[in-house]
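In what follows, a single structure is set out as structure tokens and then discussed.
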There are 2 protein chains.
Amino acid sequence: MSTRREQILAAAAELFARHGFHGVGIDEIGAAVGVSGPALYRHFRSKDAMLGEMLTSISEVLLTGGLDRRERTEDPAKLLGELIAFQVDFALDNPSLITVQERNLGNLTDPDRRRVRALQRRYVEVWVQAVRDTAPDLDEPTARAAAHAVFGLINSTPHSRHLGRDGMATMLREMAAAALAGAGGETRR
Amino acid sequence: MSTRREQILAAAAELFARHGFHGVGIDEIGAAVGVSGPALYRHFRSKDAMLGEMLTSISEVLLTGGLDRRERTEDPAKLLGELIAFQVDFALDNPSLITVQERNLGNLTDPDRRRVRALQRRYVEVWVQAVRDTAPDLDEPTARAAAHAVFGLINSTPHSRHLGRDGMATMLREMAAAALAGAGGETRR
DNA sequence: ACCCGACGTTAGCGTCCGCTAACACGTGTT
DNA sequence: AACACGTGTTAGCGGACGCTAACGTCGGGT
């Protein structure tokens, strides 16, 4: 629909990523898209609603991306590789969204946070299943912890831009794959 | 020295980690240590100063920990393993400090941020050198990017507590080592 | 006995911030 | 011509926040 909403969300995401949710004022977000201040309330009900819509849509994109790939790929090893590539591409192409999702989940309203958490959990489950299909010796909690660790690895991207986009992508894919392969070890609590 | 300062810093760290720097008020920090509000100004010059001291001391602890280990260990592979174990232990034992350092660097005053950044860069250089000593085929930017990625992996700990503390530690060590070994590119799943 | 420094309290200041109110303007439909 | 509607503006309210001021209490050194 309106380009304006997306434009506002993109600007807000960048500002939230840089200064934190509470560190950004309505006026700054408006200024970033060329209008000033309260004009934003023609498009969003509140500042909270901006963050809510932002994080919800990210989580939905990730989840449907994961579900799509699981549906299309039946070879477990190939699926895991595609999940990795998907997450790497998303992180490299949407650094501020990734940053906001990692840092500002706690600033959501309770209902929004519940929604986002639910979506995230389903996305993680896609990963957990894929991991365990390629490494059946891992129990479920270990697989889940390993998945979270790999998210941390991939999502660290916004904070280190030293390589080019493609060099970064291949390196992250290889490191993620190796890390997951190495999670097997003799891990036991 | 005064237990009080450290007590305040610990409480503030937990609150900053949960709600973000601007999401926490002076009164809340005071309440968390049993005094209320402006009493904190007997111990710190400002709220900014609390964050500044917090992040500076973390960075110093990490840097000296890294330098110590480099001094004591001459075998490159062993050194890298010890750096990994050191970072893993620190992240597992100080989850809120790690979270604050990752999320709230941008909320520091300019001079504080410069100080912290300088310390962090020196710590990263310890890692880069250790990585390149065990994998000489990596150029420096790649080694640096790989180090940052491994920090992301290890520091993701606070957000996933599924395994016990020791199970988590061994798994993270193995994943980190595997990820670094896989950063070269010759390791395919 | 006295004072002083450490540490705490409450009251209140100035400012910022999210949001609403009231109004203006351009466009498309009737 | 009249109107509704989408989108923007400025003014301003109410509350929160960081911080200071002024004052109280208490324990240790002289």
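Any value given below was found using the heavy atoms of this structure, including those in side chains, with hydrogens, waters and symmetry copies removed. Fair warning: this is a prediction, and the values are worked out from it, not measured in the lab. Letters A, B, ... are given to chains in the order of the sequence lines, protein chains preceding strands, and every chain is numbered from 1.
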>> Under 4.0 Å between a side-chain nitrogen and a carboxylate oxygen: does that hold for A:Arg144 and A:Glu140?
In response: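 Between A:Glu140 and A:Arg144 there is a salt bridge, with a charged N closer than 4.0 Å to a carboxylate O.
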Between [N] ([atom2]) and [X] ([atom1]): distance, integer Å:
X	N	atom1	atom2	answer
A:His22	C:dC16	NE2	P	19 Å
B:Leu40	C:dT10	CG	P	13 Å
B:Asp27	C:dA11	CG	P	13 Å
A:Phe16	C:dC17	CZ	C1'	13 Å
B:Glu28	D:dA16	CD	C1'	11 Å
B:Phe21	D:dC17	CZ	P	13 Å
B:Ile26	C:dT10	CD1	P	16 Å
B:Leu51	D:dG18	CG	C1'	15 Å

>> Could you measure the distance from the OG atom of B:Ser57 to the CG atom of B:Leu55? Nearest 0.5 Å is fine.
In response: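 That separation rounds to 8.0 Å.
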>> Return the CD to NE2 distance between A:Glu102 and A:His159, rounded to the nearest 0.5 Å.
In response: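 Those atoms lie 6.0 Å apart.
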> Side chain of A:Arg42, base of D:dG8: donor and acceptor closer than 3.5 Å?
Replying inline: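 Flag set: donor-acceptor pair detected.
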>> Under the rule for salt bridge (Lys or Arg N to Asp or Glu O under 4.0 Å), what residues qualify as partners of B:Arg165, not counting sequence neighbours?
In response: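 For B:Arg165, the residues satisfying salt bridge (Lys or Arg N to Asp or Glu O under 4.0 Å) (neighbours in sequence not counted) are B:Asp89, B:Asp93.
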>> Angle between ring planes, A:Phe151 versus A:Trp127, binned at 30° and 60°: parallel, tilted or perpendicular?
In response: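 If you compare the ring of A:Phe151 with that of A:Trp127, the planes turn out perpendicular.
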>> With heavy-atom distances below 4.5 Å as the criterion, would you say the side chains of B:Val150 and B:Gln87 are in contact?
In response: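 When only atoms from C-beta onward are counted, B:Gln87 and B:Val150 do not touch, as no gap falls below 4.5 Å.
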>> Closest approach to the side chain of B:Tyr41, judged atom by atom: which nucleotide of D:dC19, C:dC19, D:dT9 is it?
In response: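 So the side chain of B:Tyr41 is nearest to D:dC19.
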> Which ones in residues 104-112 of chain B lie close to DNA chain C, meaning a heavy atom under 4.0 Å from one of its atoms?
Replying inline: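 Contacts with DNA chain C under 4.0 Å: none.
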> Reckon B:Arg4 has a side-chain N or O less than 4.0 Å from the OP1 or OP2 of C:dG8?
Replying inline: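 Yes, because at least one side-chain N or O of B:Arg4 sits under 4.0 Å from OP1 or OP2 of C:dG8.
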> So, is B:His43 close to the C:dA6 phosphate, meaning a side-chain N or O under 4.0 Å from OP1 or OP2?
Replying inline: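 B:His43 to C:dA6 OP1/OP2: no side-chain N or O under 4.0 Å.
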> salt bridge (charged side-chain N to carboxylate O under 4.0 Å, His left out) between A:Glu82 and A:Arg72: does it pass, once the steps are laid out?
Replying inline: CA-CA 10 Å; A:Glu82 296 209 12; A:Arg72 274 197 211 107; over 6 Å; no
> So which one's nearest nucleotide on DNA chain D is more toward 5', A:Gly37 or B:Pro38?
Replying inline: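 Looking at the nearest nucleotide for each, A:Gly37 comes out on the 5' side.
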